[in-house]
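As structure tokens, the structure follows; a few thoughts come after it.
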Number of protein chains: 2
Amino acid sequence: MPSSIDTIDTPALIVDVDRLEGNIARWAAFAREAGVKLRPHGKTHKCVEIARRQVSAGAVGLTLAKIGEAEVMARAGVRDIFLAYEVIGGPKLPRLISLAREIRLRVGVDSADGAGALARAAQGAGITLDVLIEVDTGLGRCGVRPGEALAALAQDVARLAGLRIAGIFTYRGYRSDLEAAGREEGEVMVREADRLRRAGIEIEEVSVGSTPTGRSAGRVGGVTEIRPGTYVFNDAMQVRWGSATPEECALVVLARVISRPSRDVAVLDAGSKALTAEHGPYSSRGESHGVIRGYPDCQIDRLWEEHGRVQLTTEARRLRVGDLVEIIPSHVCPTVNLAERLVCVRQGRVVETWAVAARAQVQ
Amino acid sequence: MPSSIDTIDTPALIVDVDRLEGNIARWAAFAREAGVKLRPHGKTHKCVEIARRQVSAGAVGLTLAKIGEAEVMARAGVRDIFLAYEVIGGPKLPRLISLAREIRLRVGVDSADGAGALARAAQGAGITLDVLIEVDTGLGRCGVRPGEALAALAQDVARLAGLRIAGIFTYRGYRSDLEAAGREEGEVMVREADRLRRAGIEIEEVSVGSTPTGRSAGRVGGVTEIRPGTYVFNDAMQVRWGSATPEECALVVLARVISRPSRDVAVLDAGSKALTAEHGPYSSRGESHGVIRGYPDCQIDRLWEEHGRVQLTTEARRLRVGDLVEIIPSHVCPTVNLAERLVCVRQGRVVETWAVAARAQVQ
């Protein structure tokens, strides 16, 4: 293994393990102090070494979306997983049942059709499957609306043999005022949980919050669990939203200048296949596909699959063909999903390589 | 292996092999008739079974970008590869040299610094490496401008022991009038080749053209080689540009409806991790992340990693939780890069599964 960063082939994903462990410890401490369970979303890292660190620091288990991801993490010793996702489709059910026999597994539901299929599969296998009902608190994706729609679905699900309602969950995503958005997210969900309880439905878990809203939502009394994901690495988007500092960014894409076609342009060997095409943050000059360490105002203005074009600031004109740059990605989760491995460094020295073991597990 | 499509787990990439073979045959026939070499870009499929079909149909070899991709294809028997990319960075050079000893390999250059490093590596290994100089015909990515810049770089490279100039190449990409754009691309490159020859530099290869511009560029006298990639599968973007018909789209993402949160919205289990977030084509209702077969006016208006949200047209409101849909992706190349395998069908029956063997080879 190369021991210093400039001997690593590019593009590569580099993790600063000290920063990573700092991020893991800070959120674990927050959850302890707030008295909520921390169930990190594993989609950010997809990496068993990081999952183990999260659980060691006090996480109750993981949140994931797909059965394939859960299978990888269960094999690595994670015994408590919540699939915050509607698991739909006959071919998936045998794997779901088999996993539910092995570990503590919970699954999202948001429709009577979906719940019915899960119930039939569980009943047929002679097990009871724990489900959490997804509530749409404003994102406009999956989930039922608070109030009557939620109450009606909860009554439907409660009648199904094979399922047990373990709670409710939501993912609200980002809003302009994170503090207020998180608080409202928590308050809506606690109010809905109470309403369901008054209707005779046992609600144990009230599960909310992502990296941007997790801290304020987690402080709302009655919330039992938060599910941040991005906090392990953070990214330029989180920095822009104010939910992380640049010093808390623990992952960069190491890339090399491969062309200097003009005075103000450099082309990097990291394009959408290394950085993802997902738009994220903004440098001071406008939209950029990531922030270059040391040159934060350079705009990565266009990505092709294998090329990233950089509009150079005056000071960055010194970059030559062959030079290395470190890019804080816009959105780190899909960036990690593209890579086979993470190169781990401490104080600038390579110490280890971790596989992105649950990468590409979309089923 | 499931034999009918509705038993396949979702999301999955489905290739209609008859359509694929039709596309391969049509472009091979075009190249034969136009009297140019066909060197398809393998980035679209990254799949050895498809590369072999292309070579069997008459392709001279493959175009690729990264050494890792070339290593995979060389192991699978492709003996003639052009890396249409600037290979920069010390850690890559031993692999490049070793591959150049094994197969007929050519590499792009666009700077004296880059060429110098290649020359030193080749000379040190006692080989001569064939290079093609990249010309920027208007894309604004890598490459030198036609005229003096090209002539100067060609003179520099010609002086380097260890390298041999085998020709020039360009990738122009899409312009509004494909026919005129391709013709101009070809004409500029033929003119530049002649100018270099008059200056005493031997130019054997004049390599141009992608799927949109390849046919018109390939008809220009003096062009020797075209490098289309997307044509094997095509996608919604190519259909929109007029370089393919919907019937020539050979790959779809099979997905399932997992939620029907309202009358006009369905959520699919295919998000940016299955479809890619890259924007592409447009349904008649505006921008969409892909076109749903049978419901071409439904707009996939937003993707998250594991969710695709669809704005339903009136007729599409019949879609229920659990239903399958087939999505023609916006841009098929990054879509394929996300998948581990392609499920191959003929007349709706599953016949085989192919690995996306060169997936994620970014180094």
Subject >> Steps toward side chain to side chain contact (heavy atoms under 4.5 Å, CB included) verdict (B:D269, A:K92) >> reply: CA-CA 12 Å; B:D269 63 1; A:K92 296 185 191 304; 4.1 Å; yes
Select one option (side chain, backbone, both, neither) describing which atoms of [X] are under 4.5 Å from chain A's heavy atoms.
X      : result
B:V267 : side chain
B:L153 : neither
B:S111 : side chain
B:V257 : backbone

Does any non-hydrogen side-chain atom of [Y] lie less than 4.5 Å from one of [X]?
X      : Y      : result
B:P334 : A:K273 : no
B:L338 : A:L338 : yes
A:I8   : B:P91  : no
B:E305 : A:C333 : yes
B:E134 : A:P261 : no
B:V321 : A:I88  : yes

Original post:
Taking A:V87, A:L303, A:D110 one by one, which has the highest count of heavy-atom pairs under 4.5 Å against chain B?
Top reply: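 Heavy-atom pair counts peak at A:D110.
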Original post:
Between A:I258, A:D6, A:V109, which has the largest tally of heavy atom pairs under 4.5 Å with chain B?
Top reply: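 Of A:I258, A:D6, A:V109, A:I258 has the most heavy-atom pairs under 4.5 Å with chain B.
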Pick from [options] with the largest number of heavy-atom pairs that fall under 4.5 Å of chain A:
options                       : value
B:A65, B:A117, B:G140         : B:G140
B:G322, B:G114, B:G89         : B:G89
B:R302, B:E340, B:R95, B:R145 : B:E340

Subject >> Nearest heavy atoms of B:C142 and A:H307, plus distance in Å >> reply: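 B:C142 and A:H307 have their closest heavy atoms at SG-CD2, 3.6 Å.
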Original post:
Closest approach of B:L268 and A:Y85, non-hydrogen atoms and distance?
Top reply: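 Heavy atoms only, the tightest pair is O-OH, 4.2 Å.
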**OP:** Check whether any side-chain N or O of B:R141 sits under 3.5 Å from a backbone N or O of A:W304 as a donor-acceptor pair, and report yes or no.
**Re:**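 The answer is no, because no donor-acceptor pair under 3.5 Å joins these two groups.
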Original post:
Between B:Q363 and A:P11, is there a donor-acceptor pair closer than 3.5 Å when you use the side chain of the first and the backbone of the second?
Top reply: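 Such a contact is found between B:Q363 side chain and A:P11 backbone.
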**OP:** Have a look at B:E306 and tell me which of A:K43, A:E69, A:E86 forms a side chain to side chain contact (heavy atoms under 4.5 Å, CB included) with it.
**Re:**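 Only one of A:K43, A:E69, A:E86 forms a side chain to side chain contact (heavy atoms under 4.5 Å, CB included) with B:E306, namely A:E69.
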Subject >> With A:H41 via ring pair (Phe, Tyr, Trp, His ring centres under 6.0 Å) - residues at least two apart >> reply: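 For A:H41, no residue satisfies ring pair (Phe, Tyr, Trp, His ring centres under 6.0 Å) once neighbours in sequence are set aside.
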Subject >> By ring pair (Phe, Tyr, Trp, His ring centres under 6.0 Å) - contacts of B:Y171 (at least two apart) >> reply: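 For B:Y171 there are no ring pair (Phe, Tyr, Trp, His ring centres under 6.0 Å) partners, ignoring immediate neighbours.
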Subject >> Salt bridge present between B:D113 and A:R260 (N-O < 4.0 angstrom) >> reply: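 No salt bridge links B:D113 with A:R260.
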Original post:
Within a reach of under 6.0 Å around CZ of A:R320, are more than 12 heavy atoms found that belong to other residues, nucleotides or ligands?
Top reply: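 Counting neighbours around CZ of A:R320, 12 or fewer heavy atoms of other residues, nucleotides or ligands fall under 6.0 Å, so no.
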Subject >> Euclidean distance, A:N337 CG relative to B:S272 OG, rounded to 0.5 Å >> reply: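 If I round to the nearest 0.5 Å, the distance is 8.0 Å.
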